[in-house]
Amino acid sequence: MTLEASLREARARLTHARAVTVLTGAGVSADSGIPTFRGADGLWRNYRAEDLATPDAFQRDPTLVWRWYNWRRELIAATHPNKAHDAIVEMERRYEGFWLITQNVDGLHPAAGSRKLSELHGNIWKVRCTACGQVVENRDVPIAILPMCRHCGGLLRPHIVWFGEALDERDLDRSRDAAQSCEVMLIIGTSGVVYPAASLAPLARASGAFVVEINLDPTPASGQVNLSIQGRASDLTPRLL
Ligand code: OAD
C-alpha cells in the first residue's frame, strides 16, 4: 500500500470512530529534539540504564542519578511540543471518547494542551519523597542536589517509573480500559518493547479495535497491527486529521 493509500485508510477509520485511543513513545518527542532511548543515537546506547534508572542505582548513588536527570531537565526545558503533539490535542477535541496513553516523561503532551491522558512512566517535572511519598511539581533547572522534601525533610527522587518498578495501578487500569473500549488505536513513535505499555496495542486489537502504527522504522508490533505507516510522527500525525 502506498503512503497516501495508508493515510486515506487510517483517516476513513478515524472519521467513523467515536472512541479513539493514542499510545505514544519517545519517537513523538524526537522531532522536538529529545533523544529516544533505543536506536542509533538512543540514550540507552550511551548510558547504562541499570546505573541511572533503577531503584538500586538511586540507593547506591542518588547524586549521580540526579545529575543525569538535571541534564535531561535542561535538555527538555529547551524544547517545545511539535505538530504531532498538537494533532493529538486536536484529536482530543474531536472524539467523544478519547484517551492518550504516553510513555514519555517530558511533559510535552500536557504542555501542548492534552488533558485526557495517562503518563504511564511518570513526569520529569514531578518529584516524590522517598520517606512520606508526597508528589509535588518541581520545575527547577537545575534542581538542587540533593533535593529534600519540604514536608518531612526526606530525600526526593524523580517521579518516574524506573526499571523493575510497578506502574501506578490507576493509570494502568485507565489505560487498559481505553485500549479495550476504543474503535481505533494509534500507536505513535514507540519501539513497543517495554511492558506493560507494549501489551496495550494487542489488547486493543483483541478487543476489536483497528490499530494503526506510525513509526520511522518497522517495530516488533508492525506485523500485528492493522496498518503500519512509516515516517516521522510530526509529519504523519497531522495528516491523519
Ligand atoms: P524507544 O527509544 O524505545 O523507541 C522510540 C521509537 O520511536 C523507535 O521505534 C523509533 O523508530 C521511533 N522514532 C524515532 N524517531 C521518530 C520520529 N521522528 N517519528 C516517528 N517515530 C520515531 O522509546 P519508547 O518506545 O518510548 O522508560 O521506550 C519505552 C520506554 O523505554 C520509555 O518510556 C523509557 C525507556 O526506558 C522509562 O524511562 C521509564
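Below, each value reflects all heavy atoms present in this structure, side chains not excepted, and no hydrogens, waters or symmetry copies.
In this structure F37 satisfies the ring-ring contact (aromatic ring centres under 6.0 Å, His included) test together with W44, sequence neighbours excluded. The salt bridge (Lys or Arg N to Asp or Glu O under 4.0 Å) search around D168 returns R170, not counting sequence neighbours. With sequence neighbours left out, R157 forms a side-chain contact (heavy atoms from CB on, under 4.5 Å) with F58, R128, T130, W162, E165. A search for salt bridge (Lys or Arg N to Asp or Glu O under 4.0 Å) contacts involving D173 returns nothing, not counting sequence neighbours. Scanning for side-chain contact (heavy atoms from CB on, under 4.5 Å) contacts around P202 gives an empty result, with sequence neighbours left out. For A204, the side-chain contact (heavy atoms from CB on, under 4.5 Å) test picks out A179, C182, M185, A209, V211, with sequence neighbours left out. Residues passing the side-chain contact (heavy atoms from CB on, under 4.5 Å) test with V136, sequence neighbours excluded: V127, Q134. Looking at residues two or more places apart in sequence or on another chain, you find a salt bridge (Lys or Arg N to Asp or Glu O under 4.0 Å) between R94 and E90.
Cation-pi contact between R67 and W71: absent, since separation from the ring centre below 6.0 Å together with deviation from the ring axis within 45° is not met.
Taking 4.5 Å as the limit, every side-chain heavy atom of N215 sits out of range of all side-chain heavy atoms of T190. No side-chain heavy atom of L100 sits under 4.5 Å from any side-chain heavy atom of E92. In this structure, L75 and P35 have side chains that are in contact, with non-hydrogen atoms separated by less than 4.5 Å. At a threshold of 4.5 Å between non-hydrogen side-chain atoms, the residues L108 and S32 count as touching. Residues R38 and T219 have side chains not in contact (no heavy-atom distance under 4.5 Å, counting atoms from C-beta outward). Side-chain contact between V225 and R205 is absent, with no heavy atoms from C-beta onward closer than 4.5 Å. Considering only heavy atoms from C-beta on, L120 comes within 4.5 Å of S175 through its side chain. The closest side-chain heavy-atom distance from K83 to T237 is not below 4.5 Å.
Of all the heavy atoms in V193 and P220, the pair that sits closest is CG1-CG, 4.0 Å. Scanning both residues, L155 and P147, for their nearest heavy atoms gives CD1-O, 3.6 Å. Between A112 and V89, the shortest heavy-atom contact is O-CG2, 3.6 Å. In plain terms, the two heavy atoms of Q59 and P62 that are nearest each other are O-CD, 4.0 Å. Of all the heavy atoms in I88 and S114, the pair that sits closest is CG2-OG, 4.2 Å. Closest approach of I188 to A233, counting heavy atoms only: CG2-CB, 3.7 Å.
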What verdict does the side chain to side chain contact (heavy atoms under 4.5 Å, CB included) test give for L203 and Q180, after you've listed the backbone C-alpha separation in whole Å, the side-chain angles of each residue and the deciding distance to 0.1 Å?
CA-CA 6 Å; L203 181 62; Q180 281 173 313; 3.7 Å; yes
Take L240 and L7 through the test side chain to side chain contact (heavy atoms under 4.5 Å, CB included) and record every step on the way to the result.
CA-CA 6 Å; L240 295 178; L7 289 170; 3.8 Å; yes
Between V22 and Y95, is the side chain to side chain contact (heavy atoms under 4.5 Å, CB included) condition met? List the steps.
CA-CA 12 Å; V22 180; Y95 301 104; over 6 Å; no
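N104 places a side-chain N or O within 3.5 Å of a backbone atom of A26 that can act as its donor or acceptor partner. Put simply, the side chain of W68 never gets that close to the backbone of D51: no donor and acceptor are under 3.5 Å apart. The backbone N or O of D140 lies less than 3.5 Å from a partner atom in the side chain of R73, making a donor-acceptor pair. A side-chain donor-acceptor contact under 3.5 Å links Q103 to the backbone of T24. Remark: the backbone N or O of I187 is not paired with any side-chain donor or acceptor of E213 at under 3.5 angstrom. Remark: the backbone N or O of S228 is not paired with any side-chain donor or acceptor of S222 at under 3.5 angstrom. In this structure, N82 contributes its side chain and A84 its backbone to a donor-acceptor pair below 3.5 Å. In this structure, the side chain of S6 engages the main chain of T2 through a donor-acceptor pair within 3.5 Å.
Pairs engaging residues 110-120 under the salt bridge (charged side-chain N to carboxylate O under 4.0 Å, His left out) rule: none recorded [sequence neighbours left out]. Applying the salt bridge (charged side-chain N to carboxylate O under 4.0 Å, His left out) test to every pair with at least one member in residues 6-17, sequence neighbours left out, gives these pairs: E9-R13. Listed by first and then second residue, the ring-ring contact (aromatic ring centres under 6.0 Å, His included) pairs involving residues 98-144 are H85-H109 (not counting sequence neighbours). Applying the salt bridge (charged side-chain N to carboxylate O under 4.0 Å, His left out) definition to pairs two or more places apart or across chains, those involving residues 17-36 are D31-R232.
In this structure, the separation between CZ on F210 and CG on L227 is 5.0 Å, given to the nearest 0.5 Å. To the nearest 0.5 Å, atoms OH (Y195) and CG (L167) are separated by 14.0 Å. The CD atom of E183 sits 9.5 Å away from the OG1 atom of T21 when rounded to the nearest 0.5 Å. For the atom pair CZ of R174 and OG of S118, the computed distance is 6.5 Å after rounding to the nearest 0.5 Å. The line from OG of S234 to CZ of R239 is 11.0 Å long, rounded to the nearest 0.5 Å. In this structure, CD1 on I229 lies 6.5 Å from CG on L236, to the nearest 0.5 angstrom.
A single hydrophobic cluster is not seen to contain both I101 and V194; linkage of ILVMFWY side chains at heavy-atom distances under 4.5 Å, directly or through other members, places them apart. Put simply, I34 and L52 are part of the same group of oily side chains (I, L, V, M, F, W, Y) that touch within less than 4.5 Å, one to the next. In the hydrophobic clustering of this structure, I214 groups with L186; members are Ile, Leu, Val, Met, Phe, Trp, Tyr whose side-chain heavy atoms approach within less than 4.5 Å, directly or through other members. Note on V212 and L241: same hydrophobic cluster, where clusters join Ile, Leu, Val, Met, Phe, Trp and Tyr whose side-chain heavy atoms are under 4.5 Å apart, directly or indirectly. Linking Ile, Leu, Val, Met, Phe, Trp and Tyr whenever their side-chain heavy atoms come within less than 4.5 Å leaves M91 and L200 in two separate clusters.
Ion pairing between a basic and an acidic side chain is recognised when a charged N comes within 4.0 Å of a carboxylate O; R60 and D56 show no such pairing.
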